[in-house]
Asker: 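Quick one: the structure is below, questions incoming.
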Amino acid sequence: MNDDLASSAYRTRFSPDQVTPDALSLKRAEQELRVTWRDGRESVYPASKLRKGCPCATCREDRGKQSRELLPILKQDPSTAVTLADVRLVGTYAVQFFWSDGHDAGIFDYRYLRALGESDIA
């Protein structure tokens, strides 16, 4: 994940309707979050994309290390899948995800979430 996405999310001129969700729905079985934005667009976020795009300081640091290393840094057994366990609203501006491995530090404000949905990060 390119951390330029975070800074570009704040430079992009989203209208208020583009960054205001009308509905958020966590589909645990499908491991995805669905957001219907006030402008009518629906975004579907696979759990893998949300985890790769986590904006917390620890994840940003790990991505920086990975980009400087020849081989990716593996923190856990790849056969152990990390799943999206829950999502909670943070005030009226963001959501927080809770993962099966205990990670919950990332706060995704709606501007960043919309930019992530429109990015090509898989």
Side-chain angles (χ1 to χ4, degrees):
M1 155 59 199
N2 185 344
D3 284 316
D4 290 336
L5 177 63
S7 59
S8 70
Y10 300 101
R11 289 192 307 267
T12 302
R13 295 181 182 239
F14 288 114
S15 72
D17 286 346
Q18 289 177 299
V19 293
T20 304
D22 271 344
L24 291 109
S25 175
L26 176 60
K27 305 290 186 182
R28 282 188 183 90
E30 294 87 356
Q31 284 295 288
E32 66 186 23
L33 175 75
R34 291 182 178 268
V35 179
T36 303
W37 301 98
R38 190 169 286 166
D39 70 350
R41 180 177 175 130
E42 182 177 69
S43 300
V44 178
Y45 300 88
S48 60
K49 185 172 192 167
L50 294 168
R51 186 62 183 248
K52 285 178 187 175
C54 180
C56 81
T58 301
C59 290
R60 286 194 324 262
E61 183 179 323
D62 286 349
R63 285 190 296 271
K65 286 178 185 175
Q66 287 177 353
S67 68
R68 292 187 302 271
E69 301 289 331
L70 288 175
L71 299 173
I73 299 167
L74 298 176
K75 288 195 167 189
Q76 65 182 38
D77 178 354
S79 66
T80 306
V82 175
T83 59
L84 183 53
D86 201 5
V87 61
R88 293 191 189 138
L89 297 175
V90 177
T92 59
Y93 71 96
V95 291
Q96 179 179 13
F97 297 102
F98 296 83
W99 301 91
S100 62
D101 65 354
H103 185 66
D104 64 0
I107 304 291
F108 290 66
D109 72 36
Y110 296 139
R111 182 174 292 276
Y112 178 71
L113 192 61
R114 178 71 184 243
L116 183 63
E118 296 179 5
S119 75
D120 59 356
I121 296 169

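Quick note: residue numbers are just sequence positions, from 1.
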Asker: Please check if L33 and L89 belong to a single hydrophobic cluster, counting links between Ile, Leu, Val, Met, Phe, Trp and Tyr side chain heavy atoms closer than 4.5 Å.
Answerer: yes
Asker: Among residues at least two apart in sequence or on other chains, which ones pass ring-ring contact (aromatic ring centres under 6.0 Å, His included) with F97?
Answerer: F108
Asker: Considering residues at least two apart in sequence or located in another chain, which fulfil the salt bridge (Lys or Arg N to Asp or Glu O under 4.0 Å) criterion with D39?
Answerer: R114
Asker: Are I107 and F14 connected in the hydrophobic side-chain network, where two residues link if heavy atoms are under 4.5 Å apart?
Answerer: no
Asker: So, R38 side chain and D22 main chain: donor-acceptor pair closer than 3.5 Å or not?
Answerer: no
Asker: Test your reading of the model: is there a side-chain donor-acceptor pair from R28 to the backbone of A85, 3.5 Å cut-off?
Answerer: yes
Asker: Tell me, do D109 and V90 make a side-chain contact under 4.5 Å, heavy atoms counted?
Answerer: no
Asker: Quick one: does any side-chain atom of E42 pair with a main-chain N or O of R34 as donor and acceptor, under 3.5 Å?
Answerer: no
Asker: Does one hydrophobic cluster hold both V87 and L50, with members joined at side-chain heavy-atom distances below 4.5 Å?
Answerer: yes
Asker: Tell me the closest heavy-atom pair linking G106 and C54, and the distance in Å.
Answerer: CA-SG, 3.7 Å
Asker: Establish whether W99 and Y45 are linked, either directly or via other cluster members, by ILVMFWY side-chain heavy-atom contacts under 4.5 Å.
Answerer: yes
Asker: Spell out, yes or no, whether V44 and L24 are grouped together once hydrophobic residues are joined by side-chain heavy atoms under 4.5 Å, including indirect joins.
Answerer: no
Asker: Under the rule for side-chain hydrogen bond (donor to acceptor under 3.5 Å, both in side chains), what residues qualify as partners of T20, not counting sequence neighbours?
Answerer: none
Asker: Does any non-hydrogen side-chain atom of K49 lie less than 4.5 Å from one of S119?
Answerer: yes
Asker: Between Q18 (side chain only) and W37 (backbone N and O only), is there a donor and an acceptor less than 3.5 Å apart?
Answerer: no
Asker: Which heavy-atom pair separates L84 from A47 by the least distance, and what is that distance?
Answerer: CB-CB, 4.0 Å
Asker: Please give me the minimum heavy-atom distance between C56 and H103, naming the atom from each residue.
Answerer: SG-CE1, 3.4 Å
Asker: If I compare all heavy atoms of V19 with all of R111, which pair ends up nearest, and what's the gap?
Answerer: CG1-CA, 3.7 Å
Asker: Enter the distance from Q31:CD to S48:OG here, rounded to the nearest 0.5 Å.
Answerer: 9.5 Å
Asker: Please find the pair of heavy atoms, one from D86 and one from L26, that lie closest to each other, and give the distance.
Answerer: CA-CD2, 3.7 Å
